[in-house]
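Down below is the structure, laid out as C-alpha cells.
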Amino acid sequence: MRVLVTGGAGFIGSHFVRTLLAAPHARTPRTRRPETVTVLDSLTYAGNPENLREVEGDARLRFVRGDILDAECVGPLVAAHDAVVHLAAESHVDRSIAGGAPFASTNVLGTQTLLEAAARTEHPVTFLHVSTDEVYGSLPVGSWTEDQPLDPASPYSAAKAGSDLLALAYHRTHGLDVRITRCSNNFGPRQFPEKIIPLFLTRLIEGRTVPLYGDGSQVRDWLHVEDHCRALRLVLEGGRPGEIYNIGGGTELSNKMLTDRLLAACGADWDSVEHVPDRKGHDLRYSVDWTKIRDELGYTPRRTFDEALADTVAWYRANRAWWAPLVG
C-alpha cells in the first residue's frame, strides 16, 4: 500500500507517519506495512520538519513541500498512491475567529482539490478524511453519534463541516472510497503551543501565567495522539466506504479541572492563572459516542489520561529546544 499523508509534518500527521513506518504490531489480520509513505506539507507555522527527523532515513519516506490547493502538485501525487490520509488543515479556533479566510480556503477548497484528484485516478483510492468533533456543535448532556446533524459554531468548525460534506458528496457522486473520522481533543508530544495543554505547559515551565477563558466550565473529551493514530490506522485498513467514525478518548474534563491538573504537574498554583474574557461563540461541551468504531474495528483507548499527561509534561520539560522558538 502506497500512502499519501497531507499535513504529515504537523502534530497528528507526523505521529501518524511515524506509526505507519514503525514495525507492524500483530493487532489484526488487516495490518499492513506500507510500501511507501509520502508526506505533503506546506510547512506553515504548525508544520515542522523536526517532527519527522527520527524517520527521515527510512527509504520508504518521501517528503514533498506543497500546498493542497495546488492542483498541479496534488494530481500526480494522489495518482501515485493507493490511499490518502488527509490531515492538512487550519485548526485553531482562535485564529479562525480573528480571520476565517484561510480556514475556508485550506479546509474546504484544499479538500476539494484532493478529492477531485482522487476521483480522477485510474485506480481505486481510499480517502481517509480526518475531521473533528467540533462540527457537531455543543450539547449539554449525552454524546454525539455519527448521525448527529452538524451544527458548527466557529469559522474553523464550519469549514471542517463543509469539507466533511464535500467528502461524502464525492463518495455518493463519484463512488470514491471516502472514510471520515471525527476525533475529540488531542494532546501529546510535539503539539504546537497554541492549543491549551502545550500552551499552559510551556508557560508554566517558564514560570509565566496562563490564560483561562471565562469560568473554565467548558468540557472537552481528551484523546492521546497515540490512540488517535491507532484508530486512524484501523479505519484506513478496515473501515467501510462512505462511513463516519467518531474517535474518543474517554476522559471528559472541564477546562478548570484540566488547568488544576496542569498546575499540579508543573508545581504551580492558582496564582499562576489569569482569568480572561470568554472566547466568542465558545461551545460549552463536546462528547462523542465511539461505540461504532469499538464494535466494528475493535478500537478502545489504551492510554489513561493521567499516565499520558505525565508523559506529555515530561516531553515538554525535556524538549525546550523544540518549543522555545515557537512561543511568544
Side-chain angles (χ1 to χ4, degrees), residues 9-15 43-51 89-99 102 132 134 154 156 183-226 228 249 251-286 303-328:
F11 165 49
I12 301 172
S14 64
H15 191 98
L43 296 181
T44 59
Y45 74 96
N48 189 340
E50 287 296 319
N51 292 341
E90 294 286 346
S91 65
H92 191 46
V93 175
D94 285 356
R95 287 179 183 266
S96 79
I97 292 171
T132 171
E134 296 191 39
S154 70
Y156 159 61
C183 68
S184 55
N185 280 38
N186 276 225
F187 72 103
R190 298 182 177 89
Q191 189 172 25
F192 190 83
E194 64 184 357
K195 303 297 176 72
I196 185 170
I197 287 182
L199 174 67
F200 279 30
L201 286 179
T202 54
R203 283 176 171 251
L204 291 170
I205 289 170
E206 292 188 327
R208 301 165 63 188
T209 60
V210 295
L212 181 63
Y213 279 133
D215 61 3
S217 61
Q218 305 87 4
V219 174
R220 302 293 183 261
D221 174 50
W222 288 97
L223 170 68
H224 190 263
V225 65
E226 183 178 299
H228 183 199
T251 299
E252 290 188 20
L253 296 170
S254 70
N255 285 348
K256 185 175 181 180
M257 294 167 65
L258 175 64
T259 299
D260 195 56
R261 296 194 188 199
L262 295 173
L263 291 171
C266 294
D269 57 33
W270 279 89
D271 289 339
S272 298
V273 177
E274 178 185 0
H275 291 272
V276 297
D278 205 358
R279 183 167 68 198
K280 293 180 179 179
H282 206 166
D283 288 326
L284 181 60
R285 178 174 175 269
Y286 300 148
R303 301 297 303 272
T304 67
F305 180 81
D306 289 336
E307 172 220 359
L309 182 63
D311 287 350
T312 302
V313 173
W315 189 90
Y316 280 93
R317 285 191 181 280
N319 290 275
R320 182 187 289 264
W322 182 90
W323 56 261
L326 306 177
V327 300

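Computed from a predicted model, the values in this text were never measured in an experiment.
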| Are Q218 and R220 close enough, and set up right, to give a side chain to side chain contact (heavy atoms under 4.5 Å, CB included), and what steps lead you there? | CA-CA 7 Å; Q218 305 87 4; R220 302 293 183 261; 4.0 Å; yes

Anything under 30° is parallel, anything over 60° is perpendicular, the rest tilted; go ahead and classify [X] against [Y].
{"X": "H275", "Y": "W270", "answer": "parallel"}
{"X": "W323", "Y": "Y316", "answer": "tilted"}
{"X": "F305", "Y": "W222", "answer": "tilted"}

| field | R317 vs C266, side chain to side chain contact (heavy atoms under 4.5 Å, CB included): CA-CA, chis, key distance, verdict | value | CA-CA 9 Å; R317 285 191 181 280; C266 294; 4.0 Å; yes

| task | Take N255 and I196 through the side chain to side chain contact (heavy atoms under 4.5 Å, CB included) test and state the conclusion after the steps. | result | CA-CA 9 Å; N255 285 348; I196 185 170; 4.1 Å; yes

| task | To the nearest 0.5 Å, tell me how far D306 CG sits from T251 OG1. | result | 7.5 Å

| said: If you apply the rule ring pair (Phe, Tyr, Trp, His ring centres under 6.0 Å), what do you find for H224 with F187, and how did you get there? | reply: CA-CA 5 Å; H224 190 263; F187 72 103; 5.3 Å; yes

| field | salt bridge (charged side-chain N to carboxylate O under 4.0 Å, His left out) between R190 and E50, worked out | value | CA-CA 9 Å; R190 298 182 177 89; E50 287 296 319; over 6 Å; no

| Any luck finding a side-chain donor-acceptor pair between H282 and R279 under 3.5 Å? | yes

| request: Could you please spell out the steps behind the side chain to side chain contact (heavy atoms under 4.5 Å, CB included) verdict for Y213 and D94? | output: CA-CA 12 Å; Y213 279 133; D94 285 356; 2.6 Å; yes

| Close aromatic pair by centroid cut-off 6.0 Å: Y45 and F192 | yes

| field | Minimum side-chain heavy-atom gap V273-L263 below 4.5 Å | value | yes

| Is L326 close to E194 at the side-chain level, that is, under 4.5 Å between some pair of heavy atoms? | no

| query | Given K256 and D215, is the salt bridge (charged side-chain N to carboxylate O under 4.0 Å, His left out) satisfied, shown in steps? | reply | CA-CA 7 Å; K256 185 175 181 180; D215 61 3; over 6 Å; no

